[in-house]
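Residue numbers begin at 1 in each chain, while the letters A, B, ... track the order of the sequences.
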2 protein chains.
Amino acid sequence: MSPKATIYDIAKELNISAATVSRALNNNPKISESTCKLVIETAARMNYKQNKLAQALKSGKSHNIGVIVPRIDSNFFASIIRGIEEELYPHKYNVIICQTHEDEKREIENINTLLNTQVDGILMSVSNMSSENDRVIEKVLEKKVPVIFFDRKKNIHGVSSVTINDFGAAYAATKHLIEQGSSKIAYFTGDRSLEIYENRFNGYKQALIDSGLNLKEDYVIQTKSNVEAGKMAVKKLLKLKDKPDAIFSASDFAALGAIQELKSQGIRIPEDFCVVGFGNEPFTEFMELSISSVDQNTMEMGKVAAQVFMEQINNTDKNSKIEKKVVLNAELLIRKSSSKESK
Amino acid sequence: MSPKATIYDIAKELNISAATVSRALNNNPKISESTCKLVIETAARMNYKQNKLAQALKSGKSHNIGVIVPRIDSNFFASIIRGIEEELYPHKYNVIICQTHEDEKREIENINTLLNTQVDGILMSVSNMSSENDRVIEKVLEKKVPVIFFDRKKNIHGVSSVTINDFGAAYAATKHLIEQGSSKIAYFTGDRSLEIYENRFNGYKQALIDSGLNLKEDYVIQTKSNVEAGKMAVKKLLKLKDKPDAIFSASDFAALGAIQELKSQGIRIPEDFCVVGFGNEPFTEFMELSISSVDQNTMEMGKVAAQVFMEQINNTDKNSKIEKKVVLNAELLIRKSSSKESK
DNA sequence: CTGTTAGCGCCTTCAC
DNA sequence: GTGAAGGCGCTAACAG
C-alpha cells in the first residue's frame, strides 16, 4: 500500500483506464454499475483519497475561502468564523484563517497569500483604511475573486458587506440611558475612521439631539478596547467640572474598566451612574452586576457573509455584478448596569 | 490585463521561455540579473500571482495545515489557534480550520477532507475516543502526514502531543483548597474517558490522599462545561448529609454556575466555601468575586504544537519516527473565590 | 460504456 | 544563461 494512491494505481490494479476510475469515483451515470462498484471498493481498500489540489488546478476552483480578521482569539471574531465555517461546511468549502493584528502590511500580505493559494473568495473584516489596501483589494476583484466585508467594512465598488445596524443600536442604547433618567451621557468610541465607530457615534449623537440634549465634546473619549483604557477614561471624566451620569461604551471591555473604576471611587451603579457596553461579550452576562450591552449577532453575521459569498460565486451572469449590503439587526440587552427600576 | 496571469503570459510578453520566468521568480542564481529584474517587474505590472496549487501539485507540499477542534468560538481553542497561526505564519503555512462539535462522524469527515486537500499535517484536539477514529488517524500516518494532538490526546503510536500538566495542576488546586482549610472538597469532572479529565481527577485524588483525606464518591460529579450544569451539581451536593466545603471544578463555566447557586442559597464565598475553576476564562478574572483558576497556557500550547509539526516535517531521516510528548506547565491563579486570608 | 489525449500552472532535469 | 520536454493527479472532450 503506497503512501498515496492515485487513480492510476487503481486503474492498473483493475486493468482499466484512469478516466474510467475518475468517472466511477464521480458517480458518472455512464459507468456500468459493476465497474463503478468495483472501483469504489478498490479505492477504499487502497486507502485512496482524491487529490483536491489536482482537481482544483484543473477546474480552477480550490473550494477554499480565506477569512481575514484582526485576531482570532476574541469572542467576537471567533464566533463569526464559527458561523462562516458552519455555513460553508455543507458546501464542502474549507476555511483558511489569517490574522492581521491590525497591521496594514500584514493585511496586504494575507490577501496576497490567499490569492496565491487560489482561494475562491475572501471574507474579511478590514484592519486598515489606507488607500493602498484599497488598491490591493481592487486587484483581487480584477481576478474575479469575490471579496466580502463583515463588520468593519470599506466602501469599495463591487464588494458586498454584512454589518450590523450600528447606528440604530447606538441610538437605542443612548435612548435607553436617557429613559433611565441620565442626561449627561459620555461616549467611549473606537477609531472613528472605521465606519462602525462612526456609525455608533452618529447614533449616539442623534439620540441626544432627538431628546433635546447637547453633545459635549468632553464627553466623547476615544479608548482602546480593553479594561485599562476604560479606567483611564473614567478618571478623565471624573475630573470634569460637569461630571457625566452615564456612559455608553462602544467596547464591553472599556465598559468593564469604567465600572471597576467608578465602583472604586464609591459611585453606585446603576443608582448614581448607568453604563451600557457594546458586543455582548460573555462576561457582561456573567458579572454579579451584569452589564447591559448590544448583541452583535455574530454567528448570524458569519453565516450571512458565507451565504453572500455563495450567491456571488453562483452568479453565472458575468455582466451583472452583485453588490449586496446586508445590515443585520443588533439587539440591546438591558441588564443591571443600567436598570434603575429593577434595583 | 487578463484575470489571472501565468508564467506563460509573462514569457510571451518578454519573448522568453516559461522556464526562465519560473527561474527568475524563484531567484535561481543562474539567471542573468537583467532578465531577472525584467521578469520581476513585468510580473508585478501584470499583477501576476504564483499559483500555489500548481506548485503544490508539483512539489507534493501544499503548505497548508489542518486544525481540528470541537468548536472555535471558545476562548480556549481560539487562542490555541492563534498560537498556531502565529508560529506558522513566518514559515508560510496556511491554517485550515475544522470544527467537530464533538461529533465522531464529523471528526472523521474533517480528517478525510483535510487529507483530500493535501494538507502537510493535521493538528487536532480529539473529540472522540472511539477506536474507529483511531484507525482513521492511523491511515493518515500511513500517508506520511504527521498528526499532532494538543490538549485532548489519545495514545496512538507515531503521534506527538502537546498537553499541559493536568495532573499537577489539579493536584496544586486541590492542595491549595486544603491549605485554605477546606477538607470536604467536591470535584466537577468532564468526560473521564478523555485523558485530560482522567489526569485532573487523579491529581485531585492524589492531593486528597497525600493530605490524609478520603475520596468520597458523592463528591465527584460529572458536569457539562456550562453554567447551568454547575448550578445543578451544587444543588445535588447541598442535598447530601455531609455537605462539602469547597469545589474544584474542571470547568470554569461550571465553577461560575456553582458560585451563583451557592450565593443564591446564602452561602458566603470564600468565607464558608471555596471554589477553584479550570481554564482561566476571561470572565474568571473580571468578576467582582474573581474566580481562582488554572491557566492552560493556550497560546504557548498552540505555538509548541506548531513547532513540533515543523520539526516533524523537517525530519528527513525517514527511518526515525519522531514521537514527542510535550507537557507544558499550567499555572494555578489564586483569586478571591478561594482566598480566605485576603478577605 | 470505456479508452485516448490533452491540459490546468508550475518546476526540473536535460540539453545547448 | 536559456530553451524544450515531461510530469505532478485529475477531468473533459473526443473517439470508439
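Using a 4.0 Å cut-off, some side-chain N or O of B/S32 falls inside it from OP1 or OP2 of D/dT2. For the OP1/OP2 pair of D/dC8 and a distance below 4.0 Å, the side-chain nitrogens and oxygens of B/Q118 include no atom meeting the criterion. A sub-4.0 Å separation between OP1 or OP2 of C/dC10 and a side-chain N or O of B/S22 is absent. Applying the 4.0 Å criterion to OP1 and OP2 of D/dC10, one finds that A/Y48 has a side-chain N or O inside that range. The side chain of B/S59 contributes no N or O atom lying less than 4.0 Å from OP1 or OP2 of C/dC11. In this structure, A/N51 does not reach the D/dC8 phosphate: none of its side-chain N or O atoms is under 4.0 Å from OP1 or OP2.
Put simply, CG on A/D9 is 11 Å from P on D/dC8, counting in whole angstrom units. Distance, A/I7 CD1 to C/dG3 C1': 13 Å, rounded to whole Å. Distance, B/K58 NZ to C/dT13 P: 8 Å, rounded to whole Å. Rounded to a whole Å, the CG atom of B/N26 is 13 Å from the C1' atom of C/dG9. We find that NZ of A/K4 is positioned 15 Å from C1' of D/dC10, with the value rounded to whole Å. Atom NZ of B/K52 and atom P of C/dC11 are 11 Å apart (whole Å). Whole-Å rounding puts the B/I10 CD1 to C/dC11 P distance at 11 Å. The interatomic distance linking A/K12 (NZ) with D/dG9 (P) rounds to 11 Å, in whole Å.
With respect to B/K144 and B/E142, no salt bridge is recorded, no charged nitrogen being found less than 4.0 Å from a carboxylate O. Between B/R71 and A/E86 there is no salt bridge, since no side-chain nitrogen of the basic residue lies less than 4.0 Å from a carboxylate oxygen of the acidic one.
The only member of B/N112, B/N133, B/T100 that meets side-chain hydrogen bond (donor to acceptor under 3.5 Å, both in side chains) when paired with B/E107 is B/N133.
A/I16 comes within 4.0 angstrom of the backbone, heavy atoms only, and of no base.
The side chain of A/R23 approaches C/dG3 more closely than any other nucleotide in the set C/dC11, C/dG3, D/dC10. In this structure, the nucleotide among C/dT2, D/dT2, D/dG9 sitting nearest to the side chain of B/K30 is D/dT2. Of the listed nucleotides (D/dT2, C/dT2, D/dT11), D/dT2 has the atom at the smallest distance from the side chain of B/I31.
Between A/F309 and A/Y93, the ring planes lie perpendicular to each other; the angle is over 60°, past the 30° to 60° tilted range.
Annotation: cation-pi pair B/R106/A/Y89 present, NZ/CZ under 6.0 Å from the ring centroid and within 45° of its normal.
For the pair A/K49 and B/S17, both in contact range of DNA chain D, the more 5′-proximal nearest nucleotide belongs to B/S17. Each of A/Y8 and A/E33 was assigned the nucleotide of DNA chain C with the nearest heavy atom; the assignment lying further toward the 5' end belongs to A/E33. Take the nearest nucleotide of DNA chain D for B/L57 and for B/A18: the residue whose nucleotide is more 5' is B/A18.
Looking at A/S74, its side chain does come within 3.5 Å of a backbone N or O of A/F77 through a donor-acceptor pair.
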